[in-house]
Participant: 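Structure provided below as structure tokens; questions to follow.
Here is the naming used below: chain letters follow the sequence lines, and residue numbers restart at 1 for every chain.
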Amino acid sequence: MDYFYRNNNIYFKQDDFTLCETLDCGQAFRWQLIGTDTYQGFNSSNPLTISKQNDCFVLYNTSEEDFLNIWCDYFDLKTDYKMLKSKFSGDETLKAACNFAPGIRLLRQDKWEALCSFIISQNNNIPRIKGIINRLCEMYGKKTDFGYAFPLAETLAGLKQGDLAPIRAGFRERYILDAAKKVALGEIDLENIATLPCDDARKELMKICGVGIKVADCTLLYGMYRIEFFPVDVWIKRVLEQYYPCGLPDCIKGYEGIAQQFLFHYIRNL
DNA sequence: GCCCAGGGAATCG
DNA sequence: CGATTCCATGGG
């Protein structure tokens, strides 16, 4: 990874990476556009301001240590997306999807945040998902100079039914609380689930009330980088009906989740 | 006003 | 089992 450190900032070049395509393609809900090609957000409880200036990405107020240990991993900078997109291009639809938003990368997000976020996502639209999550963070997340971190499971586990009414999550409130309690008590061990075989991992997550196959798959994909999962929501269902009536192409084998992200963004913005 | 949203639980046949 | 219905809310 080629980079340099100057005046408290990290600078690096990276192909196959566009901030708006990666941060605003529906995989993460907390990145905010605060200026030209400049976003502010968090990985777990680590805040970051990132922007693109000319051909260089800039991470503000970031040490080399944090870049290498946190952000390199979060933005999946070690994965060869040129190779992936070339594989995907064996299929015409995917080729179009990759060309449509060639700067998408799959973020390696926090496990608990992904679980909680995708519980909130069910039967909901993205602008409202963002609103609910922002209110949740403002009420129960730790305050930092750059906004509020995502609330800990332990914090939410102490709440009772109705405490979350102000965030207006609707019927999802009891799901959030159930997930928080099971995670905080260790009844659901997210670190361990990340290592389990597909069916076991899914089954374990689905012990949480409000977690079905789709939310489980999203948690595994976005929170645990289990890229063999291919979450199917209403948009992807349309992709399958329209383009893949006979099943998914072999060229995505082993990378189904990354292909899914390109397809999801493509069908939604067609 | 109306339709629908990155679904899942509860209920019914 | 599979199919239906209900859930709470508000963006577009």
Participant: What integer distance in Å separates A:Ile119:CD1 from B:dA9:P?
Facilitator: 10 Å
Participant: Can you tell me how far P of B:dG8 sits from CZ of A:Arg202, to the nearest Å?
Facilitator: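 In whole Å, B:dG8 P lies 10 Å from A:Arg202 CZ.
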Participant: For A:Glu173, report the nucleic acid contact type (base, sugar-phosphate, nothing); a contact means any heavy atom under 4.0 Å.
Facilitator: nothing
Participant: On DNA chain B, does the nearest nucleotide to A:Tyr175 precede the nearest nucleotide to A:Phe264 from the 5' side, or the other way round? Give the residue.
Facilitator: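 Looking at the nearest nucleotide for each, A:Phe264 comes out on the 5' side.
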Participant: Taking the side chain of A:Val215 as its heavy atoms from C-beta onward, which of C:dG10, B:dA5, B:dG8 lies nearest to it?
Facilitator: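 It is B:dG8.
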Participant: What about A:Arg128, does its side chain sit under 3.5 Å from the base of C:dT9 through a donor-acceptor pair?
Facilitator: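 Flag set: donor-acceptor pair detected.
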Participant: What nucleotide among C:dA8, C:dG12, B:dA5 has an atom nearest to a side-chain atom of A:Val234?
Facilitator: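 Nucleotide nearest to A:Val234's side chain: B:dA5.
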Participant: Just to be sure I understand the rule, does A:Gly26 reach a base, reach only the sugar-phosphate, or reach nothing, if contact means heavy atoms closer than 4.0 Å?
Facilitator: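 Base, at least one base atom sits under 4.0 Å.
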Participant: Starting at CG of A:Leu205 and ending at P of B:dA9, how long is that distance when rounded to a whole Å?
Facilitator: 12 Å
Participant: Whole Å only: how far is the CG atom of A:Asn125 from the C1' atom of B:dA5?
Facilitator: 5 Å
Participant: Send over the distance from A:Ile132 CD1 to C:dA8 P, rounded to a whole Å.
Facilitator: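 Spelled out: CD1 on A:Ile132 to P on C:dA8 is 13 Å.
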Participant: Between the base of C:dA8 and the side chain of A:Asn123, is there any donor-acceptor pair under 3.5 Å?
Facilitator: yes
Participant: Looking only at side-chain N and O atoms, does A:Tyr74 offer a donor or acceptor that is under 3.5 Å from a partner on A:Asn46?
Facilitator: no
Participant: Verify the distance criterion only: is there a donor paired with an acceptor across the side chains of A:Tyr266 and A:Thr93 at less than 3.5 Å?
Facilitator: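 On atom types as modelled, these side chains do not qualify, holding no pair under 3.5 Å.
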Participant: Could you check whether A:Tyr11 and A:Gln53, counting side-chain N and O atoms only, form a donor-acceptor pair closer than 3.5 Å?
Facilitator: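 No, no side-chain donor-acceptor contact under 3.5 Å.
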Participant: How close or far is atom P of B:dA10 from atom CG of A:Asp178, stated in whole angstroms?
Facilitator: 11 Å
Participant: Write down the distance between CD1 (A:Ile129) and C1' (C:dT9), rounded to a whole number of angstrom.
Facilitator: 12 Å
Participant: Within the 4.0 Å heavy-atom criterion, would you say A:Pro231 contacts the bases, only the backbone, or no part of the nucleic acid?
Facilitator: base
Participant: Compute the ring centroids of A:Phe12 and A:Phe67, then answer whether they are less than 6.0 Å apart.
Facilitator: yes
Participant: With rounding to the closest Å, how many angstrom separate the P atoms on B:dA9 and C:dG10?
Facilitator: 23 Å
Participant: Starting at CD1 of A:Ile208 and ending at P of B:dG8, how long is that distance when rounded to a whole Å?
Facilitator: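 Spelled out: CD1 on A:Ile208 to P on B:dG8 is 12 Å.
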Participant: Look at all strands and tell whether A:Ile213 reaches a base, only sugar-phosphate, or nothing, counting heavy atoms closer than 4.0 Å.
Facilitator: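 It contacts sugar-phosphate atoms only.
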Participant: Please tell me if A:Arg172 has a side-chain N or O lying less than 4.0 Å from either OP1 or OP2 of B:dA5.
Facilitator: no
Participant: Select from A:Met206 and A:Gln261 the residue whose nearest nucleotide in DNA chain B is closer to the 5' end of that strand.
Facilitator: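 Mapping each residue to its closest nucleotide by heavy atoms, the 5'-most match is A:Gln261.
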Participant: Do the side chains of A:Asp76 and A:Arg105 get close enough for a salt bridge, i.e. N-O under 4.0 angstrom?
Facilitator: no
